[in-house]
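The figures here come from the full heavy-atom set of this structure, side chains too, leaving out hydrogens, waters and symmetry mates. By convention in this document, chain letters (A, B, ...) are assigned in the order of the sequence lines, proteins followed by strands, and residues within each chain are numbered from 1.
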Number of protein chains: 2
Amino acid sequence: MLRLSTKGQYGVRAMFEIANGYPDKPVTIKEISEKQAVSVAYLEQILNKLRNGGLIKSIKGPGGGYLLNKKPEKISISAILKELEGPVAITSCLDPKEGCVRVDGCVTYMLWKSLGEKIEGFLDTVSLKDLITGALLERTAGKIKKKA
Amino acid sequence: MLRLSTKGQYGVRAMFEIANGYPDKPVTIKEISEKQAVSVAYLEQILNKLRNGGLIKSIKGPGGGYLLNKKPEKISISAILKELEGPVAITSCLDPKEGCVRVDGCVTYMLWKSLGEKIEGFLDTVSLKDLITGALLERTAGKIKKKA
DNA sequence: CTAAACCTGACCAATCCACTCAACTAAATA
DNA sequence: TATTTAGTTGAGTGGATTGGTCAGGTTTAG
């Protein structure tokens with residue numbers, strides 16, 4: 001359950017590759033495609049969205065490619081996923097584009113809302129830099145492990 | 001992103017209705033259907049899975065219906081959702097039925113793994129009883145709110 | 001001016017979702 | 001034991017979404 005689509009997954013991996021060129025070495029689609037094993041055509045779709053969202057910028061012509069638009073530590077996983085897949089919305093009631101029809105379902109409403117907030121809270125705290133430096137390993141070790 | 005299917009959503013709502021009959025008043029599919037606005041035929045599928053999973057039991061014939069198999073506080077939302085939709089698996093690499101093909105993708109692997117654990121951890125701590133008593137409201141107030 | 005590189009939109013196969021339908025079996029009660 | 005209530009099972013289906021591809025642009029450096 002709660003599977004993330006490939007767009008989101010590939011998007012994060014692509015951002016990771018682009019981050020490796022930070023701050024001034026443009027990374028081409030072809031490079032990303034080869035390193036992450038995703039087709040160029042599909043990557044174009046994904047990178048286009050990320051560019052429109054202001055997370056990356058592109059340089060055309062020979063020697064061109066993609067660059068981060070902000071520092072890696074300023075780009076959260078949450079921001080990447082939101083650009084590609086919209087906000088976290090466990091249920092349709094919680095999707096800003098839809099809404100809650102049944103009012104007496106409020107007990108479960110709070111449940112899904114809480115879960116969504118928890119997920120978003122977590123993704124907000126992880127940045128591209130954390131991905132690069134492997135900071136996630138330490139963090140999760142401290143936060144998730146139950147046994148000291 | 002990360003939408004839960006209706007099976008999971010309806011399943012939790014159905015369990016909530018059945019919990020209202022705990023410990024000995026069987027709740028019929030029809031009642032659940034009416035109160036939760038879900039078709040009888042679809043509920044049959046859902047309740048069947050939950051019964052096979054040992055979360056509820058059924059009594060046939062007149063006066064029959066569905067009953068919880070355990071105390072409401074012993075049934076977690078996590079257990080309900082797992083029965084209906086399988087384990088949390090943000091990516092296919094984390095699905096026990098599939099697996100990780102690319103090894104160098106381990107940075108994102110940890111990311112999705114951590115997220116999955118966080119989600120599961122949360123769903124484990126919420127029980128049907130919490131849903132009934134509204135305990136979720138207090139809990140989330142304490143856990144999620146950042147500002148004291 | 002041409003090749004490298006990005007941009008755009010149409011298109012498509014396959015899968016999954018959210019159900020419905022039809023027919024069956026088991027239990028209770030009259 | 002006949003009837004009725006109620007759960008059981010499996011197949012089927014229309015529509016939406018996913019996960020891409022393809023063809024043909026346009027822009028820019030050299």
Side-chain angles (χ1 to χ4, degrees), chain A residues 1-11 13-14 17-18 21 25-34 36-53 55-67 69 81 84-86 89-92 95 97-98 101, chain B residues 1-11 13-14 17-18 21 25-34 36-53 55-67 69 81 84-86 89-92 95 97-98 101:
Chain A
M1 60 169 140
L2 293 176
R3 179 84 46 111
L4 194 65
S5 84
T6 57
K7 264 203 175 69
Q9 295 175 45
Y10 296 170
R13 305 223 305 255
E17 292 298 333
I18 296 171
K25 188 186 162 296
V27 181
T28 69
I29 278 197
K30 206 174 165 222
E31 283 179 86
I32 301 171
S33 165
E34 284 164 1
Q36 292 295 336
V38 178
S39 83
V40 168
Y42 199 28
L43 274 174
E44 281 175 349
Q45 268 184 50
I46 293 168
L47 295 182
N48 199 358
K49 282 195 173 195
L50 293 174
R51 194 177 47 87
N52 289 334
L55 294 175
I56 53 176
K57 57 190 166 188
S58 54
I59 299 173
K60 294 186 177 184
Y66 289 89
L67 286 170
N69 225 351
L81 294 182
L84 294 171
E85 310 201 26
I90 307 294
T91 62
S92 57
D95 193 318
K97 286 176 302 190
E98 310 192 35
V101 195
Chain B
M1 58 168 141
L2 292 174
R3 178 84 46 111
L4 195 65
S5 86
T6 57
K7 262 201 176 73
Q9 296 177 44
Y10 296 170
R13 305 223 306 254
E17 292 298 333
I18 295 172
K25 188 186 160 297
V27 181
T28 67
I29 278 198
K30 204 170 168 227
E31 283 179 87
I32 301 171
S33 165
E34 284 163 1
Q36 293 294 336
V38 178
S39 84
V40 169
Y42 197 29
L43 275 173
E44 281 173 350
Q45 265 184 51
I46 294 167
L47 295 181
N48 200 0
K49 282 194 173 195
L50 293 173
R51 191 177 48 88
N52 289 334
L55 294 175
I56 53 175
K57 57 190 165 188
S58 54
I59 299 173
K60 293 187 177 185
Y66 290 90
L67 285 170
N69 225 351
L81 294 182
L84 294 170
E85 310 202 26
I90 308 293
T91 62
S92 57
D95 192 318
K97 284 176 301 188
E98 312 193 35
V101 194

Between [atom2] of [N] and [atom1] of [X], the distance in whole Å:
{"X": "A:Lys57", "N": "D:dT27", "atom1": "NZ", "atom2": "C1'", "result": "18 Å"}
{"X": "A:Glu34", "N": "C:dA5", "atom1": "CD", "atom2": "P", "result": "11 Å"}
{"X": "B:Arg51", "N": "D:dA6", "atom1": "CZ", "atom2": "P", "result": "17 Å"}
{"X": "A:Glu31", "N": "C:dC6", "atom1": "CD", "atom2": "C1'", "result": "14 Å"}
{"X": "B:Asn52", "N": "D:dT9", "atom1": "CG", "atom2": "P", "result": "6 Å"}
{"X": "B:Leu43", "N": "D:dA6", "atom1": "CG", "atom2": "P", "result": "15 Å"}
{"X": "B:Asn48", "N": "D:dA6", "atom1": "CG", "atom2": "C1'", "result": "14 Å"}
{"X": "B:Lys49", "N": "D:dG10", "atom1": "NZ", "atom2": "C1'", "result": "13 Å"}

Checklist entry - Does A:Gln45 have any side-chain hydrogen bond (donor to acceptor under 3.5 Å, both in side chains) partners at least two apart in sequence or in another chain, and if so, which? => result A:Lys7
Item to check | Under the side-chain hydrogen bond (donor to acceptor under 3.5 Å, both in side chains) test, residues paired with B:Thr91 that sit two or more places apart | outcome: none
Next on the checklist: Among B:Ile18, B:Val38, B:Val40, which residue satisfies the side chain to side chain contact (heavy atoms under 4.5 Å, CB included) criterion with B:Ile32?
Outcome noted: B:Ile18
Checklist outcome for this item: B:Lys60 meets the salt bridge (Lys or Arg N to Asp or Glu O under 4.0 Å) criterion, sequence neighbours left out, with none
Checklist outcome for this item: Those residues at least two apart in sequence (or on a different chain) that pass salt bridge (Lys or Arg N to Asp or Glu O under 4.0 Å) with B:Glu31 are B:Lys25
Only pairs under 3.5 Å count here: list side-chain donor-acceptor contacts from residues 46-53 of chain A, not counting sequence neighbours, and write none if there are none.
{"residue": "A:Asn48", "atom": "OD1", "partner": "A:Arg51", "partner atom": "NH2", "Å": "3.0"}
{"residue": "A:Asn52", "atom": "ND2", "partner": "A:Asn48", "partner atom": "O", "Å": "3.3"}

Next on the checklist: Can a donor-acceptor pair be found, under 3.5 Å and without considering hydrogens, that links the side chain of A:Gln9 to the backbone of A:Leu4?
Outcome noted: yes
Next on the checklist: Just to be sure I understand the rule, does A:Leu47 reach a base, reach only the sugar-phosphate, or reach nothing, if contact means heavy atoms closer than 4.0 Å?
Outcome noted: nothing
Next on the checklist: For a quick test of reading the model: is some side-chain N or O of B:Thr28 closer than 4.0 Å to OP1 or OP2 of D:dG7?
Outcome noted: no
Checklist entry - Is the distance from OP1 or OP2 of D:dA16 to the nearest side-chain N or O of B:Arg3 less than 4.0 Å? => result no
Item to check | Nucleic acid footprint by protein, nucleotides 13-27 of chain C - heavy-atom cut-off 4.0 Å, B for base, S for sugar-phosphate alone | outcome: -----BBB----BSS
